[in-house]
A.B. asks: 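For reference, the structure I am asking about is given below.
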Protein chains: 2
Amino acid sequence: MVMKNKGIEEFKTALRTEDLKVTPQRLTVFEEVCSNKEHRDAEDIFIALQNSGKNVSRATVYRTVELLLKYELVTRLDTGDGKWKYEHWLDCSHHDHLICIRCGKIIEFIDEEIEDRQEKICNHYGYKLVRHIHQLFGLCGECQNYNIAS
Amino acid sequence: MVMKNKGIEEFKTALRTEDLKVTPQRLTVFEEVCSNKEHRDAEDIFIALQNSGKNVSRATVYRTVELLLKYELVTRLDTGDGKWKYEHWLDCSHHDHLICIRCGKIIEFIDEEIEDRQEKICNHYGYKLVRHIHQLFGLCGECQNYNIAS
DNA sequence: CATTTAATTGAGAATGAGTCTCGATTAAAA
DNA sequence: TTTTAATCGAGACTCATTCTCAATTAAATG
């Protein structure tokens, strides 16, 4: 069930490049992050590890997820409720998110035209684009009917 | 120095429409938000009020800012450090943000093409767009030179 | 204007995500 | 092996934000 993919090798390489150690805990966290396609926060990941009997401390989960973000093996998503959710990048290409503000449903989208415009905007201001957040908040088809009752 | 503008009337109207009361505290918070064009978090606003001798409790500041967001008299900006900053919308039209990840400098931008594409994406998935977050994180011209030292 | 009633307020306690500390452990270089 | 610095874990800590609840007040009604 464990995924063996190039992601983990890239993680190891990134760690070594920074003179950081490749530890079982770090690998375990990365494995857990990759094993699930849902958008989860650090706490969710910590609990999932506990439930599968893998003891990695909460602090280490937070620390590792931060590394994964830095190495761009993971993206971070602000779901509007003050938490950050993480999502791996394995076989899926880059995408942004459309989030229902009533039921929380998330749709992933990608729009090349927007991607292009972002680059152009950065160039225009002399910035070098590193990452971006682009989230559309709205009401999904079903939740539009509940407008009044909300 | 206090700004009298149509914003405050819209706020009162919105409150009345929801059967909420127009209170001095709510108006004071709105006034403070409008008096400053910087991007500030709720605590900043609370402190600013204290410093000008206006006693509005922290809880009320948070509650009011939440209302302003709901009524779209204010926007909320995730600066990547886990806090939310608020910005009024008075005489300025909608814009998004380009943020330097090293020095924190913020540039405001607007791109009609992106705005259009957002609407189209929402329509495509049957969503009704309510608001969006679009932030580009990168290195500004000056900070690109410090890349190595970071 | 006085009365009534539900919304609002403030002070501080509670929550909770995320960070930090520090002694014990361990990866990995030699 | 030995050595050494990086890492780990447990839980304390931080601090932004939310909640609680008794006292206050806006504003509708008589």
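As the structure is a computational prediction, the values presented were derived from the model and not from experiment. Chain A is the first sequence line, chain B the second, and so forth, proteins listed ahead of strands; every chain is numbered from 1. Values below: every heavy atom of this structure, side chains too, minus hydrogens, waters and symmetry copies.
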A.B. asks: Are the charged groups of B:E108 and B:K37 less than 4.0 angstrom apart, N to O?
C.D. replies: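 Answer for the salt bridge query: no.
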A.B. asks: What is the distance from CG of B:L49 to C1' of C:dG10, rounded to the nearest Å?
C.D. replies: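 Distance, rounded to whole Å: 14 Å.
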A.B. asks: Between atom CH2 in B:W84 and atom P in C:dA17, what is the gap in whole Å?
C.D. replies: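 It works out to 13 Å between those atoms.
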A.B. asks: How do B:D19 and B:V56 order along DNA chain C: which one's closest nucleotide is nearer the 5' end?
C.D. replies: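 Its nearest nucleotide being more 5', the pick is B:D19.
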A.B. asks: Please state whether the phosphate of D:dC8, meaning OP1 or OP2, lies under 4.0 angstrom from any side-chain nitrogen or oxygen of A:T23.
C.D. replies: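 Yes, A:T23 has a side-chain N/O under 4.0 Å of OP1/OP2 on D:dC8.
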A.B. asks: Do the non-hydrogen side-chain atoms of A:F30 and A:L73 ever get within less than 4.5 Å of each other?
C.D. replies: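 Contact flag for A:F30/A:L73 side chains = yes.
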A.B. asks: Between D:dA10 and A:R58, is there an OP1 or OP2 to side-chain N/O distance shorter than 4.0 Å?
C.D. replies: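 So the side chain of A:R58 is outside the cut-off, no N or O lying under 4.0 Å from OP1 or OP2 of D:dA10.
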A.B. asks: Hey, which sits more toward the 5' end of DNA chain D by its nearest nucleotide, B:L20 or A:N55?
C.D. replies: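 This one resolves to A:N55.
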A.B. asks: Does OP1 or OP2 of D:dT17 have a side-chain N or O of B:Y62 closer than 4.0 Å?
C.D. replies: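 Result: yes.
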A.B. asks: D:dT17 P sits how many Å from B:I45 CD1, rounded?
C.D. replies: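 Result: 10 Å.
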A.B. asks: Name the closest nucleotide to the B:S57 side chain, picking from C:dG10, D:dA10, D:dA26.
C.D. replies: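 Of C:dG10, D:dA10, D:dA26, C:dG10 is nearest to the side chain of B:S57.
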A.B. asks: For B:R16 and D:dA27, give me the distance from atom CZ to atom P, rounded to whole Å.
C.D. replies: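 Result: 7 Å.
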A.B. asks: OP1 or OP2 of C:dG10 sitting under 4.0 Å from any side-chain N/O of B:R63?
C.D. replies: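 Result: no.
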A.B. asks: Whether A:E18 and A:K70 form a salt bridge (side-chain N of Lys/Arg under 4.0 Å from carboxylate O of Asp/Glu) is what I want to check.
C.D. replies: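 Yes.
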A.B. asks: I want to check something: taking the side chain as every heavy atom from C-beta on, are B:R63 and B:Q25 in contact at a cut-off of under 4.5 Å?
C.D. replies: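 They are not in contact (no side-chain heavy atoms under 4.5 Å apart), so the answer is no.
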A.B. asks: With respect to the side chain of A:V22, which nucleotide from C:dG10, C:dA28, D:dT25 is positioned closest?
C.D. replies: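 Looking only at heavy atoms from C-beta outward on A:V22, the closest nucleotide is C:dA28.
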A.B. asks: Just how far, in rounded Å, is P of C:dA17 from CZ of A:R40?
C.D. replies: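 Distance check: A:R40 CZ to C:dA17 P gives 16 Å.
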A.B. asks: Return the nearest nucleotide to the side chain of A:K21; candidates are C:dA7, C:dA28, D:dG9.
C.D. replies: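 When the side chain of A:K21 is considered, C:dA28 is the closest of C:dA7, C:dA28, D:dG9.
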A.B. asks: Measure CG/A:L67 against P/C:dT19 and give the value in whole Å, please.
C.D. replies: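 The distance from CG of A:L67 to P of C:dT19 comes to 12 Å, rounded to the nearest Å.
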A.B. asks: Between D:dG9 and A:Q25, is there an OP1 or OP2 to side-chain N/O distance shorter than 4.0 Å?
C.D. replies: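 For D:dG9, OP1/OP2 do have a side-chain N/O of A:Q25 under 4.0 Å.
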A.B. asks: Should A:L136 and B:I110 be counted in the same cluster of Ile, Leu, Val, Met, Phe, Trp and Tyr side chains packed under 4.5 Å apart?
C.D. replies: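 The answer is no; the residues belong to distinct hydrophobic clusters.
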A.B. asks: Choosing from C:dA27, C:dT9, D:dT25, which nucleotide comes nearest the side chain of B:T60?
C.D. replies: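 Ranking C:dA27, C:dT9, D:dT25 by closest atom to the B:T60 side chain puts C:dT9 first.
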A.B. asks: In whole angstrom, give the distance that lies between atom CD of A:E66 and atom P of D:dC8.
C.D. replies: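 For the pair A:E66 CD and D:dC8 P, the rounded distance is 14 Å.
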A.B. asks: Between C:dC20, D:dT17, C:dT9, which nucleotide gets closest to the side-chain atoms of B:R26?
C.D. replies: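 My answer, after comparing the listed nucleotides, is C:dT9.
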A.B. asks: Report the distance from atom CD of B:E18 to atom C1' of C:dA7, rounded to the nearest whole Å.
C.D. replies: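 Answer to the nearest Å: 13 Å.
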